[in-house]
2 protein chains.
Amino acid sequence: MSRSTKKDMLLQVAERLFYEHGFRGVGLKQIIREANVATMTLYNHFPSKNKLVEEVLKRREERYWSYLDSYIEKGSSSPFILAVEAHCRWLKEHSYKGDMFLRAIEDYTGIDDEIENIAREHKIRLLHYFQQLAQENWDNNPLDLANQLTLLLEGTTSMTTLIGADKAADYSIAMAKVLFQHTS
Amino acid sequence: MSRSTKKDMLLQVAERLFYEHGFRGVGLKQIIREANVATMTLYNHFPSKNKLVEEVLKRREERYWSYLDSYIEKGSSSPFILAVEAHCRWLKEHSYKGDMFLRAIEDYTGIDDEIENIAREHKIRLLHYFQQLAQENWDNNPLDLANQLTLLLEGTTSMTTLIGADKAADYSIAMAKVLFQHTS
DNA sequence: TTAAAAATAGAAAGGTCGTTCTATACAGTT
DNA sequence: AACTGTATAGAACGACCTTTCTATTTTTAA
């Protein structure tokens, strides 16, 4: 197996385990074992566990981002409804137990600034993206609308833990239609 | 200091630290030090760390519950708006970094069934409470309304981590008014 | 006042953690 | 064929974790 596929395997396994059991709940030993890799191979690619966490977050952000972006671009209905639909589909496919970035903020605030910043900046970028979306659709209060959309999406993610992604998606979309149907 | 106040002190300190740094992020050593208590005093009251976590959750649930309950009872506007207002005030006073019960579910699913159940049952009780609230107000779809309210509240809690409790509360209440103003 | 109960500080046990080290094996390139 | 870079397994390290133990002191109550 080549160098790059081993790094990929490590990132992939780490992301799954971190998401499933939390950053602190997973030891490097487990990651190494499940990725079929030696200890020094991990340390050859990542100087520390925290740097591994950083790269996992960056990779996950990229994936979420392109997912959301492409879904909204090719859709035809209101971009806010599309954003909610895209987020719900993401939840069904990749999340079922809370949000990894929020979790990173909670876990690493006061512990590791770099990780905290990566997670916070992801959320800020999302907010800005929604704000721009609102502006392009001639809404006169883009900041408020973006925050409300974010609140809805965060609520949907949390509800996934409680009632599952399918039901959470149904409620979320229903609420979005009430809240955002006045936008184009 | 009497026996019972020591136990109270332990629970109070543990709740604060667990909430601030997560269950796994806090060691018994820190709890013992900040509660000004000896190791064996803790183990005299709680047979293990996990049992301490359980009692912390039960105590927090009781407090949240009576907070919400009394706020809704004495209010005069729509009970759903009141529920959102009560939850927002709770967030301002006691939470600023996610929800302890959701966190417990994430952390202890597959690890400690008792803790997971306590946290899940709290959420279920809340849902039932909202459902009953909807029924009493002659709503024809109490389950849906309860779930949507819960989604809104969970979203508000998450947003607190991102933009603070005050702004999250503003958006939450604004959304609640759009969503639930049709109820009595 | 005296005996039982509870709290104390601190060490120790036994485990896991992240990280480093060692010594060996295997790949590709020249 | 020899060199270079990388992967390997696994031991070792020091730190920290939860839990237990010990031996001493303080509190409580008859």
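Naming: A, B, ... by sequence-line order, numbering from 1 per chain.
Proximity of the aromatic rings of A/Tyr129 and A/Trp65 is defined here by a centroid distance below 6.0 angstrom, and this criterion is met. Centroid-to-centroid, the aromatic rings of B/His122 and B/Tyr64 come within less than 6.0 Å. For A/Phe130 and A/Phe80, the ring centers sit 6.0 Å or farther from each other.
A cation-pi arrangement is present between A/Arg60 and A/Tyr19 under the rule of less than 6.0 angstrom and at most 45 degrees off the ring axis.
Two residues, A/Gly25 and B/Val37, neighbour DNA chain C, and the one matched to the more 5' nucleotide by heavy-atom proximity is B/Val37.
What separates CE of B/Met40 from P of D/dC21 is a distance of 9 Å, to the nearest Å. When rounded to the nearest whole Å, the span between CZ of A/Phe23 and P of C/dC17 equals 17 Å. Going from atom NZ of B/Lys51 over to atom C1' of D/dT19 covers 16 Å, rounded to whole Å. What separates CZ of A/Arg33 from P of C/dT16 is a distance of 12 Å, to the nearest Å. Counting to the nearest Å, the P atom of C/dA9 and the NZ atom of B/Lys29 are 13 Å from each other. We find that CD1 of A/Ile31 is positioned 17 Å from P of C/dT16, with the value rounded to whole Å. Summarising the geometry, the separation between CZ on A/Arg24 and C1' on D/dC17 is reported as 13 Å, rounded to the nearest angstrom. Counting to the nearest Å, the P atom of C/dG15 and the CG atom of B/Leu28 are 18 Å from each other.
For B/Tyr43, the side-chain atoms get nearest to D/dT18 when compared with the rest of D/dT18, C/dA7, C/dG18. Comparing D/dT6, C/dA9, C/dA6 against the side chain of B/Asn44 picks out C/dA6 as the nearest. The A/Thr39 side chain lies nearest to C/dT20 when the options are D/dA9, C/dT20, D/dT20. Closest to the side chain of B/Lys49, from the set D/dT19, D/dG10, C/dG18, is D/dT19.
OP1 or OP2 of D/dT8 sits under 4.0 Å from a side-chain N or O of A/Thr41. Contact annotation: A/Lys6 side-chain N/O to D/dT8 OP1/OP2 distance is under 4.0 Å.
Within a 6.0 Å radius of CD in A/Gln132, other residues, nucleotides and ligands contribute 12 heavy atoms or fewer.
Residue-level contact check: A/Ser48 touches the backbone only, with heavy atoms under 4.0 Å from sugar-phosphate atoms and none from bases.
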